[in-house]
Each structure stands twice: as structure tokens, then as C-alpha cells.
Participant: 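This is the structure I want to talk about, given as C-alpha cells.
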2 protein chains.
Amino acid sequence: MNATSKRDRILDAAEALFAARGFDGVTLRQIATAANVDVALANYHFGKKLALFEAVFKRRATELNEARLLALREACAEAAPAAPSVEAIVEAFLRPLEMAQETGDEGWANYLTLIAYINNSAYWGSRMMSELFDELVGEFIAALKFALPHSSDEAIYWCFQNLSGALTLTFARTGRIDKLSGGLCKSTDLRMACDHMIPFVVAGFERVCNSR
Amino acid sequence: MNATSKRDRILDAAEALFAARGFDGVTLRQIATAANVDVALANYHFGKKLALFEAVFKRRATELNEARLLALREACAEAAPAAPSVEAIVEAFLRPLEMAQETGDEGWANYLTLIAYINNSAYWGSRMMSELFDELVGEFIAALKFALPHSSDEAIYWCFQNLSGALTLTFARTGRIDKLSGGLCKSTDLRMACDHMIPFVVAGFERVCNSR
DNA sequence: TTGCGTCTTCAACAGTTGTTGAATACGATG
DNA sequence: CATCGTATTCAACAACTGTTGAAGACGCAA
């Protein structure tokens with residue numbers, strides 16, 4: 001019924017389940033059942049449970065990073081030799097995520113939820129995010145420093161943390177905003193979230209990073 | 001060596017461990033060991049593991065909510081009959097958290113990290129946050145609508161989500177900003193985080209919620 | 001066919017999990 | 001003292017965990 005290989009089915013099932021319940025909240029048997037596969041097969045392809053977790057996390061990282069980096073380079077090139085606007089930088093950071101969603105691929109949505117889980121986790125956060133995303137984030141921070149030359153570095157890092165937090169909670173798709181708004185806002189609607197997040201974040205950067 | 005009751009020691013240990021590793025990442029035996037207590041005692045006082053988890057989560061909720069609500073009421077009273085400023089509302093939401101930290105009580109810091117874990121979790125998020133915090137959040141949203149009369153409700157909810165996300169990631173204390181900034185910013189410094197978060201968030205609200 | 005490397009299944013392992021019920025200690029009340 | 005309710009410990013349960021090694025199935029080359 002499913003055309004993909006068993007190896008990919010394991011990755012997909014693990015992606016969905018790890019995103020929903022976290023590393024410790026999921027058993028290999030649950031993953032195997034969801035993937036319609038024998039328990040031992042996960043071990044054959046990926047080794048230990050932790051290695052499977054990392055494989056899921058790494059699978060889509062490079063594709064995502066490349067799309068973001070490309071968008072940033074374009075924004076910088078358009079504005080050169082001047083600095084790009086903060087808005088252009090933030091757009092480059094966020095818009096590629098919508099494309100990921102617009103493919104209609106539920107896997108991408110699960111992946112973003114997994115990122116939210118890891119990035120917000122006291123245990124996994126610094127352990128796993130740095131390796132795959134710090135280089136990219138460094139480029140964005142450099143661009144922001146260029147766009148906000150009067151700002152202290154400290155202010156830029158804190159503002160970026162605010163951006164990262166807003167994004168992370170949106171990725172998590174907890175459904176809380178759906179309840180709070182009485183159904184007016186849907187936490188699965190990444191496009192609407194970004195449409196409101198971008199001007200919000202840009203205004204924050206401009207106010208905090210221009211006054212010192 | 002510890003003057004507190006065993007029941008409280010269990011709560012404290014569970015708070016710290018659940019915050020660090022999540023519900024499924026912690027065993028009752030780890031909690032019992034950390035609290036220097038027998039395994040079965042947790043079951044005697046709290047029943048099932050899930051009930052202990054909820055007890056930890058509820059323990060400090062009312063105190064936190066009351067402090068926030070008091071701050072909001074004061075801000076509203078000062079401005080009455082006009083609406084309070086967005087800044088005053090956001091301050092009322094965030095400043096009580098610093099007081100929690102300034103007591104030097106490590107338990108409060110752990111509790112806030114636990115909130116971050118729950119609020120950002122796809123599984124626990126809407127399940128547990130609503131019951132304890134929705135009433136309070138409703139009051140803050142009402143105040144924000146009053147302070148931003150030209151805004152659509154939709155915009156206010158999305159902006160509040162951004163605020164909530166920024167706050168959540170800061171609570172999580174993942175140490176990632178420490179690495180990114182090369183030690184310039186410390187994720188344990190809640191006061192510095194709030195000092196940058198408040199103007200950031202206020203600027204976001206004002207821009208997004210005044211243009212429609 | 002035979003062989004061979006890769007993929008997949010099966011059965012089982014030792015260790016750990018949450019949870020329980022009986023037994024024991026404690027501390028106040030009578 | 002004895003009594004009683006609460007608090008705590010002890011030992012053990014059945015269920016489930018990640019992981020493993022051997023056995024089987026598959027596809028392809030010779």
C-alpha cells in the first residue's frame with residue numbers, strides 16, 4: 001500500500017512519533033508498528049535508538065538550510081553594496097518554511113514540530129541544534145549586525161532568541177491558540193503565523209536594536 | 001540534612017527532573033533517589049506518575065497567576081478609565097517572573113523550565129496549559145484588546161502567541177544563546193531576557209495591531 | 001543451478017519500568 | 001500502657017524496554 005522503502009517508512013514513522021511524544025515518549029515497537037515493519041529492522045538500518053533519532057533530525061536539515069541560505073544570499077545581493085533590510089533578512093529566515101508546508105507533505109510539518117521539541121528542550125537543545133544549525137544562524141546574525149550597525153551585539157542575540165522562540169512555539173502546533181481564539185486562529189496555518197510573525201519580529205528588532 | 005518533609009522533597013526532585021528530561025525521560029526511581037526517599041512513597045502521596053506530574057505543575061501555578069493578575073489589575077487601575085498601555089500589560093505579564101527568580105529559589109527556575117516543556121509540547125501543550133492558565137490569559141487578552149481598539153482579534157492572538165513563544169524559549173534555558181553569543185548572553189539571566197523581550201514584544205504588538 | 005551480499009524476520013535476552021500489598025515504624029490520643 | 005491513623009519501607013509482580021544473534025528470504029551475478 002505504500003510505495004516507499006521500509007527504511008524510509010521507519011524514518012517517516014519515527015519523525016511523526018518523536019515529534020508528537022519526544023524521544024523518551026516513543027518506543028521502537030510503536031515506530032515499527034506505525035511503519036508496518038519488524039522491530040529489529042530499525043536496529044539494522046540505524047543502530048541504536050539515539051542514532052535513529054539523530055538520523056531523523058538530520059534528514060531534512062540540509063535541504064532546509066540550503067533554502068534559507070539561498071534566500072539570505074539573494075536578499076543580500078539585491079541590496080548590495082548596502083545592507084539588506086531587517087525585513088528581508090527575517091523573510092529569508094521564515095519564508096522557506098512555508099514552502100516546506102505548501103508541498104502538502106505532512107512529513108515536513110512533523111519535522112518542524114520535531115525541531116520545536118529539540119530546540120525547546122533543556123536536554124537536547126544545545127546538544128543537537130548547534131551541530132546542524134549554528135553555522136546557518138551565524139550567517140543570519142552577521143547579516144542582522146550589518147543591517148543594524150548601531151546595535152550592540154547583545155541586543156541582537158536577545159532579539160534573535162525572541163524570534164527563535166516565537167518560531168519554535170508555532171512549529172510545535174500545540175493547538176493552544178486554536179482554543180484561546182475560539183477557532184479564529186489555527187496553529188496548523190503556518191502561512192498565517194508567518195504573516196503575523198514577520199512584521200512583529202521586524203518591529204521588535206528595529207526598536208530594540210536602534211536605541212543603543 | 002534537609003528540613004523539608006519527604007513529600008515536599010519528592011515534589012522538588014520531580015520538578016527539577018521533569019523540567020530537565022520531560023515526563024517520559026524520568027523514572028520514579030530517579031525521583032526517589034534524588035529526593036532520598038523510597039520508591040513507593042511517591043505512589044503513596046500522589047498516586048500514579050501522571051498525578052505526580054500534575055501535582056508538580058499545579059503547585060506553583062496559583063501563586064504565579066495571582067501575582068500576574070495583581071500586576072494587571074494595578075496597571076488597569078492606574079490608567080482607568082483609559083486603557084493601559086501595551087507596555088504596562090506586557091510588564092504585568094512578565095515582571096512577576098523575575099521576582100520568582102530573584103528569590104534565589106532554584107525551584108522556581110525549574111518550574112518555569114517545566115512550563116516551557118509543557119507549553120511547547122505537542123502532546124501536553126493544550127492538554128495541561130488550558131486548565132491552569134487560560135483564565136489568566138483571557139484577562140490579558142481582554143486588556144490588550146482594550147489597549148489596541150483598532151486591531152482585529154486575529155492579530156492580537158497571533159501576537160500573543162509570539163510573546164508566549166519568546167517567553168517559553170527563555171524559560172527553557174537551553175543554553176543555546178550562550179553558545180551563539182560566545183558567552184555574551186546567559187540563558188539563565190531572566191532579568192536581562194525580560195529587559196530585551198518587553199520592548200521587543202511591545203513594538204511587535206503596536207505595529208501589527210495598529211495597521212488593520 | 002550455485003553462490004553471495006543485502007534486507008528482513010523471528011525468538012529471546014537481561015534489565016528496567018510503574019505499581020501494588022503486606023509489613024513496619026512513628027506519633028499523637030485515649 | 002494500648003490504640004489508631006498516618007507515614008514509610010520492603011519485596012515483589014507482570015509488563016515492557018532496547019538490543020542482539022541466528023535464521024530465513026530476496027535479488028542479482030556467475
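In what follows, every chain begins at residue 1, and chains take the letters A, B, ... in the order their sequences are listed.
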Participant: May I ask you to say what A/Arg7 touches in the nucleic acid, namely base, sugar-phosphate or nothing, with a heavy-atom cut-off under 4.0 Å?
Facilitator: nothing
Participant: D/dA7 P sits how many Å from B/Phe46 CZ, rounded?
Facilitator: 11 Å
Participant: Walk along DNA chain C from 5' to 3' and tell me the first and last nucleotide with an atom closer than 4.0 Å to a non-hydrogen atom of chain A.
Facilitator: C/dT6 to C/dA12
Participant: Pick the nucleotide of DNA chain D nearest each of B/Tyr44 and A/Lys48; which residue has the one closer to the 5' end?
Facilitator: B/Tyr44
Participant: Should the pair A/Arg95-A/Glu98 be classified as a salt bridge under the 4.0 Å nitrogen-to-oxygen rule?
Facilitator: yes
Participant: Filter on salt bridge (charged side-chain N to carboxylate O under 4.0 Å, His left out), then keep only pairs touching residues 65-77 of chain B, sequence neighbours left out; what's left?
Facilitator: B/Arg73-B/Glu139
Participant: So, A/Phe160 versus A/Phe93, ring centres under 6.0 angstrom or not?
Facilitator: yes
Participant: State which residues pass side chain to side chain contact (heavy atoms under 4.5 Å, CB included) with A/Thr188; sequence neighbours excluded, sorted by chain then number.
Facilitator: A/Arg173, A/Lys186
Participant: To the nearest Å, give me how far apart CG (A/Asp38) and C1' (D/dT19) are.
Facilitator: 13 Å
Participant: Should A/Asp38 and A/Lys6 count as an ion pair when the cut-off is N to O under 4.0 Å?
Facilitator: no
Participant: Nearest whole angstrom, please: distance from the C1' of D/dG21 to the CG of A/Asn43.
Facilitator: 12 Å
Participant: Rounded to whole angstroms, how far apart are CD on A/Gln30 and C1' on D/dG18?
Facilitator: 13 Å
Participant: Tell me: NE2 of A/His45 to C1' of D/dG18, nearest whole Å?
Facilitator: 18 Å
Participant: Could you measure the distance from the CD atom of A/Glu54 to the NZ atom of A/Lys49? Nearest 0.5 Å is fine.
Facilitator: 13.0 Å
Participant: Between A/Leu52 (CG) and D/dT19 (C1'), how many Å, whole number?
Facilitator: 14 Å
Participant: Please determine whether a side-chain nitrogen of the Lys or Arg among A/Asp24 and B/Arg21 lies less than 4.0 Å from a carboxylate oxygen of the Asp or Glu.
Facilitator: yes
Participant: By side-chain hydrogen bond (donor to acceptor under 3.5 Å, both in side chains), which residues pair with A/Tyr117, not counting sequence neighbours?
Facilitator: A/Trp124
Participant: Just by distance, do the side chain of A/Asn65 and the backbone of A/Leu132 share a donor-acceptor pair under 3.5 Å?
Facilitator: yes
Participant: Does B/Arg59 make a cation-pi contact with B/Phe57, if we ask for NZ or CZ under 6.0 Å from the ring centre and within 45° of the axis?
Facilitator: no
Participant: Looking at B/Tyr123, is B/Arg127 sitting on its ring face, NZ or CZ under 6.0 Å from the six-membered ring centre and within 45 degrees of the normal?
Facilitator: yes
Participant: Could you write out each protein N or O paired with an N or O of nucleotides 22-27 of chain D at a distance under 3.5 Å?
Facilitator:
none

Participant: Check each residue of residues 10-19 of chain B for a non-hydrogen atom within less than 4.0 Å of any atom in DNA chain C, then write out the ones that pass by number, or none.
Facilitator: none
Participant: D/dT17, OP1 or OP2 - any side-chain N/O from A/Lys49 closer than 4.0 Å?
Facilitator: no
